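All remarks here apply to the structure that follows.
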Amino acid sequence: MAAVLDKAIQSHPRDRFATATEMLQALKTDVGTIPPTVPYIHTETPRVQPPNIASTPQVQTQLQAPTIVDNPGMKDWQKATIIGSVIGVCIMASISIINKQPPEAVQATTVLTGGSQNNSVLQPTASSITREAAISVLNRWQEAKRELFAPPFNRSLGADLTTGEAYRKNIGADSSLEWLANNNSYYRYGVQKIDSIENFAASNDRATIEILMTEDRKFYQNGKIVSGDNTSFDTRLVRYSLQLENGKLKISDYETIKVISSR
């Protein structure tokens, strides 16, 4: 105990115990194994540096040397006893706080996949959206376009299959459907098929799927076919964004990546 106290009350911080855990370990160790204290002489007033307790990331207990009033009548062994008592109380308080920490609190700052805090890797979040469910929505969308973009311009089909930007562009106010209905125009479709699935990814309530699809469409206005970009028979790479809305999978947006071939 005398050796531990001697090391604990050294005037320079580097000669004292770095942490409460280190001092506790010294108290449990034979006196012969405690590293000897090398005196350090300094002309300036020493500053007490609080130790870092690395054993728990959320509890930062600081040990600070008590202030001892210089009393000519107080002997060195009395000062050492007082300081040792104060430090001992601090150590016991630290141990009590650490032991009361739940495992979740001690480990809350670490997301581990391989046991290393510095090399933590976040695992991808699982999704209930399957590849088959995404393909099913796209097939229904191709079929629905025959009634969406031609009389009777069935809006309910569009609301059932689209949301977000896809709904705004195709079904909502100032959408393609409104323009067609107001300008005596419509589409007729021939072949519509999904040739292949190029990519699929899902996370939480969203998914992205890229497909190669072939479509034969004709644009009519005032009962006549209008040639141009709106009338075509081609194969395209299209990327669809999907989203779960109230438990139902819908198309939230889409874009043509490139036209593969045109017939």
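Any value given below was found using the heavy atoms of this structure, including those in side chains, with hydrogens, waters and symmetry copies removed. Keep in mind that what you see is a predicted model, and the values were worked out from it rather than measured.
- Under 4.0 Å is where a charged nitrogen must lie from a carboxylate oxygen, and between K248 and E245 no such pair does.
- Under the 4.5 Å side-chain heavy-atom criterion for ILVMFWY residues, no single connected hydrophobic cluster contains both V259 and Y240.
- Using a 4.5 Å heavy-atom threshold, the side chains of I194 and L212 count as separate.
- Using modelled atom types, no side-chain atom of D6 and backbone atom of A2 make a donor-acceptor pair closer than 3.5 Å.
- The aromatic rings of Y254 and W141 sit tilted, their planes meeting at an angle between 30° and 60°.
- Closest approach of S185 and F219 over heavy atoms only: CB-CE1, 3.7 Å.
- When all heavy atoms of T208 and S241 are compared, the closest pair comes out as OG1-OG, 4.5 Å.
- The two atoms that bring S252 and L242 nearest to each other are OG-N, 3.9 Å, heavy atoms only.
- Donor-acceptor pairing under 3.5 Å is recorded for the side chains of S232 and R217.
- Side-chain atoms of E198 and S196 form a donor-acceptor pair, as typed in the model, at a separation below 3.5 Å.
- Within the 3.5 Å criterion, the main-chain N or O of G172 finds a donor-acceptor partner in the side chain of S175.
- No side-chain heavy atom of D234 sits less than 4.5 Å from a side-chain heavy atom of S261.
- Within 6.0 Å of CG in N183 there are more than 12 heavy atoms belonging to other residues, nucleotides or ligands.
- Hydrophobic cluster membership is shared by M23 and M1, with clusters built from Ile, Leu, Val, Met, Phe, Trp and Tyr side chains linked at under 4.5 angstrom.
- With rounding to the nearest 0.5 Å, the separation of NZ in K145 from CG in L157 is 13.5 Å.
- Between I129 and A207 the shortest heavy-atom distance is CG2-CB, 3.8 Å.
- Using a 4.5 Å cut-off on side-chain heavy atoms (C-beta onward), I197 and I135 make contact.
- Side chains of Q192 and R146: a donor-acceptor N/O pair is present below 3.5 angstrom, by distance only.
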Test side chain to side chain contact (heavy atoms under 4.5 Å, CB included) on L180 and Y186; report intermediate values, then the result.
CA-CA 6 Å; L180 292 170; Y186 55 89; 5.6 Å; no
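- Atom CZ of R188 sits about 13.5 Å away from atom CZ of F149, to the nearest 0.5 Å.
- For R131 and F200, the positive end is not near the middle of the six-membered ring at less than 6.0 Å and at most 45° from its axis.
- In this structure, K7 is positioned above the aromatic face of F17, its NZ or CZ under 6.0 Å from the six-membered ring centre and within 45° of the axis.
- Taking NZ of K218 as the start and OH of Y220 as the end, the distance is 6.0 Å to the nearest 0.5 Å.
- To the nearest 0.5 Å, atom CG of residue L177 and atom NZ of residue K169 are 15.0 Å apart.
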As a quick check of understanding, evaluate side chain to side chain contact (heavy atoms under 4.5 Å, CB included) for I211 and L138, giving each step before the final call.
CA-CA 10 Å; I211 65 170; L138 297 185; 3.9 Å; yes
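- Ion pairing between a basic and an acidic side chain is recognised when a charged N comes within 4.0 Å of a carboxylate O; R140 and D160 show such pairing.
- Linking ILVMFWY residues whenever their side-chain heavy atoms come closer than 4.5 Å, directly or via other members, leaves L237 and I251 in distinct clusters.
- Counted by atom type alone, Q10 and R16 present zero donor-acceptor pairs between their side chains at under 3.5 Å.
- With values rounded to the nearest 0.5 angstrom, L27 atom CG is found 11.0 Å from E22 atom CD.
- With values rounded to the nearest 0.5 angstrom, T19 atom OG1 is found 10.0 Å from Q25 atom CD.
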Going through the checks in order, is the side chain to side chain contact (heavy atoms under 4.5 Å, CB included) test met by K193 and E215?
CA-CA 7 Å; K193 68 170 185 173; E215 185 175 74; over 6 Å; no
Working note: E255 + I257, criterion side chain to side chain contact (heavy atoms under 4.5 Å, CB included); need CA distance, chi angles, decisive distance, verdict.
CA-CA 6 Å; E255 62 175 322; I257 305 302; 4.0 Å; yes
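- Salt-bridge annotation for R168 and D174: absent, with no side-chain N of the basic residue lying under 4.0 Å from a carboxylate O of the acidic one.
- Looking only at atom types and distance, the side chain of T214 has a donor-acceptor partner in the side chain of T235 under 3.5 Å away.
- In this structure, the side chains of E210 and R239 come closer than 4.5 Å at one or more pairs of heavy atoms.
- Looking at I171, T162, L161 one by one, the single match for side-chain contact (heavy atoms from CB on, under 4.5 Å) with L148 turns out to be I171.
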